[in-house]
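Heads up, the thing below is written out as structure tokens.
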There are 2 protein chains.
Amino acid sequence: MRQIQLSHGGGGQQMNQLISQLFFHHFANDILLKSEDAARLTTQGEIALTTDSFTVAPLFFAGGDIGKLAIAGTVNDLAMMGAKPDYLTCSFMIEEGFPYTELERIVKSMAKELKVSGAQIVCGDTKVVPKGCVDGLFINTAGVGNFYQAQRPSASAIADDDAILVSGDIGRHGACILMARDALKLSSSLTSDCTTLWPRVSALLNHRLPVHALRDATRGGLSAVLNEWSAASQVNINVIEERIPVSDEVKGLCELYGFEPYDLANEGTMLIALPQRDAQAALDVLRQFDPNACQIGSASAHRQPSHHQTNGSQSPQPKVILHSPWGSRRYLELPQGELLPRIC
Amino acid sequence: MRQIQLSHGGGGQQMNQLISQLFFHHFANDILLKSEDAARLTTQGEIALTTDSFTVAPLFFAGGDIGKLAIAGTVNDLAMMGAKPDYLTCSFMIEEGFPYTELERIVKSMAKELKVSGAQIVCGDTKVVPKGCVDGLFINTAGVGNFYQAQRPSASAIADDDAILVSGDIGRHGACILMARDALKLSSSLTSDCTTLWPRVSALLNHRLPVHALRDATRGGLSAVLNEWSAASQVNINVIEERIPVSDEVKGLCELYGFEPYDLANEGTMLIALPQRDAQAALDVLRQFDPNACQIGSASAHRQPSHHQTNGSQSPQPKVILHSPWGSRRYLELPQGELLPRIC
């Protein structure tokens, strides 16, 4: 088997061989090997469910590949709910002629990343489409998480005076994909932040920190998360620009291309909102994983302007306000237009 | 919005608009509208979980479209476990420039098909890739089902003397896609069997029929299901060829192209294994939905040959045996090679 053929997706003997020799071999567990139409699972009653398709180009990049991304991405969505990632589904959409060795490398990378959270792939699907109908390989993963702790972080649970923390420096995944695709072939030590965040979330929950909201800053970056939080919780969010950790490589690329680092995608960096009095304890936990974790700002209650105040300074909608080092302020808006397609 | 643009998948304002105006509008329910990283769901404890990606070409065909298929396919996988399809995830991978009206038509078709089982889409994902990176549109759906009844049909639960039933005539979906793609543009009244099977499964379970195995005969058709059942349950399966319902249109196309109707894909036709004494009661239920439902054969225990009998007539592996109208017998094998790519 040097290349994936259409027959590997046909539902017959060749598909069965690909599934058993490659997928079952690397993802092996009792539930998957039952090979029924669906996996039968035991849950805690309440579950979290999520899905993500991955279309990243190139398939392999500094610090990861589409396989690592497909596991970390879905596992992180569950972790952001406070749920332990337990069960994943996995679907491959493969272009005819795709090299078997690359597929194997991706599958091994997925198996390795699964170990970080302990999640298992319990069912799957394989489609092979003719040459030209998909660019190489897309992967979809869906995930089921169980709630073993009482905390239920939510985008709409952010309160007045909550601290806003970030788990590490931002923009690395987006910058890394940009670099990998650029014709200049810039050389740099920059790697994607792509990683499974469950160990950090688990540590926060185990310390019984009253986490109000968690969100990984994927597409749309920091800007998107902060704006979604502000709208969902109806709070203003004030962010101190000089506190936001951005590496020199990411800053340099942003200057070169005219991007904002706040809009760049991350794949293993999250924002945390929790009461100010618990911020230091949370940072102590987060810094065991990444020394760049820090507080970048705080939330404040949004007061609806009354009718006779509409000419005042208070905006009718809550806002994300960025404070620059030289004392000026500006709104940080939801990113508009397309920055960079196929980053995840 | 006349065409889907890259910005509709960028994680910013345009993506939010597409999601709220199209997906939330047609799939609306309380869980989906919470718009968190993952959906929080209540389950019965034990659940069924499945996934399927849909890459069918053309996107619209007689009797259905990729949207109807994406709902029916995943819902059917859950139903085949005896689980009621309750929650679905939905991920769109869209080519830049895809017509908005076609996407809307597909989304409406999904919303309509969801009503048949009562399942809800509770979370989703949207990716837009540059022109040429995907052929039009792929959809992935994953599903969670709950077990409200005691029956747990399984491919490995088929017993000696079980009746093998089929819920309707076979091969229509595969034949229909073949016809839609053929340059001859054959005119025919043939439509795909694409449909949600949960109402039939639910009726069988409500009649407390002791169903041993259920499987929808998708890729690989009748041949694939019967061979997988034979291997998983270690039984021989004898099938009476003249009893297998095949429409004249499907027979005609098979003769023209040299296909076996038993290998053609179905998307709303299932096989049922249950004790012979319950076969008639099951057929009475199934015929309320489709008059073509019938018994096509039966299972028989497979006796392993002992060492001194290896020259005897008993095969070392159990087999699917097709009995022709003129008294001859042949093995029905797992389909080999690629019949027809992108049928689902």
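In the text below, chain A, chain B and the rest are named by the order of the sequence lines, each starting its count at 1.
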Taking all atoms of both residues into account, what is the closest heavy-atom pair of [X] and [Y], and its distance?
{"X": "Arg215(B)", "Y": "Glu36(A)", "result": "NH2-CA, 3.4 Å"}
{"X": "Cys344(A)", "Y": "Lys127(B)", "result": "SG-CE, 3.5 Å"}
{"X": "Ala142(B)", "Y": "Thr89(A)", "result": "CB-OG1, 4.4 Å"}
{"X": "Cys133(B)", "Y": "Arg342(A)", "result": "SG-NH1, 3.2 Å"}

Using a cut-off of under 4.5 Å for heavy-atom pairs, which of [options] has the most such pairs with chain B?
{"options": "Gly12(A), Ser91(A), Ser53(A), Ala48(A)", "result": "Ser53(A)"}
{"options": "Glu96(A), Met15(A), Arg152(A)", "result": "Arg152(A)"}
{"options": "Asp216(A), Asn76(A), Asn146(A), Val134(A)", "result": "Val134(A)"}
{"options": "Gln5(A), Gln44(A), Gln13(A)", "result": "Gln13(A)"}
{"options": "Val122(A), Thr55(A), Asn227(A)", "result": "Thr55(A)"}
{"options": "Asp135(A), Asn16(A), Leu49(A), Leu334(A)", "result": "Leu49(A)"}

(message) Nearest 0.5 Å, please: how far is CG in Asp37(A) from OG1 in Thr218(B)?
(response)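 Separation between the atoms: 7.0 Å.
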(message) To the closest 0.5 Å, what do you measure between OG (Ser7(B)) and CD (Gln336(A))?
(response)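 Spacing of OG (Ser7(B)) from CD (Gln336(A)) equals 9.5 Å.
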(message) Main chain of Ile47(A), side chain of Thr43(B): is a donor-acceptor contact present, judged purely on distance under 3.5 Å?
(response)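 It does not hold such a pair.
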(request) Kindly say whether Gly9(B) contributes a backbone atom to a donor-acceptor pair with the side chain of Arg219(A) at under 3.5 angstrom? (result)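 The answer is yes, because a donor-acceptor pair under 3.5 Å joins these two groups.
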(request) Select one option (side chain, backbone, both, neither) describing which atoms of Thr126(B) are under 4.5 Å from chain A's heavy atoms. (result)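 Only the backbone of Thr126(B) comes within 4.5 Å of chain A.
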(request) Against chain A, label Phe92(B) side chain, backbone, both or neither, depending on which of its atoms sit under 4.5 Å from a heavy atom there. (result)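 The answer is neither part of Phe92(B).
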Winner by heavy-atom pair count (cut-off under 4.5 Å) against chain A, out of [options]:
{"options": "Asp125(B), Leu78(B), Thr50(B)", "result": "Asp125(B)"}
{"options": "Ser156(B), Ala213(B), Pro130(B)", "result": "Pro130(B)"}
{"options": "Thr42(B), Ile31(B), Asp52(B)", "result": "Asp52(B)"}
{"options": "Gly145(B), Cys90(B), Ala38(B)", "result": "Ala38(B)"}

What part of [X] gets closer than 4.5 Å to chain B, counting heavy atoms only: side chain, backbone, both or neither?
{"X": "Ala39(A)", "answer": "both"}
{"X": "Leu214(A)", "answer": "backbone"}
{"X": "Glu228(A)", "answer": "side chain"}
{"X": "Thr74(A)", "answer": "neither"}
{"X": "Ala155(A)", "answer": "both"}

(request) For residues Val129(A) and Phe138(B), determine if any side-chain heavy atom of one lies less than 4.5 Å from a side-chain heavy atom of the other. (result)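 Side chain of Val129(A) against side chain of Phe138(B), heavy atoms only: contact under 4.5 Å found.
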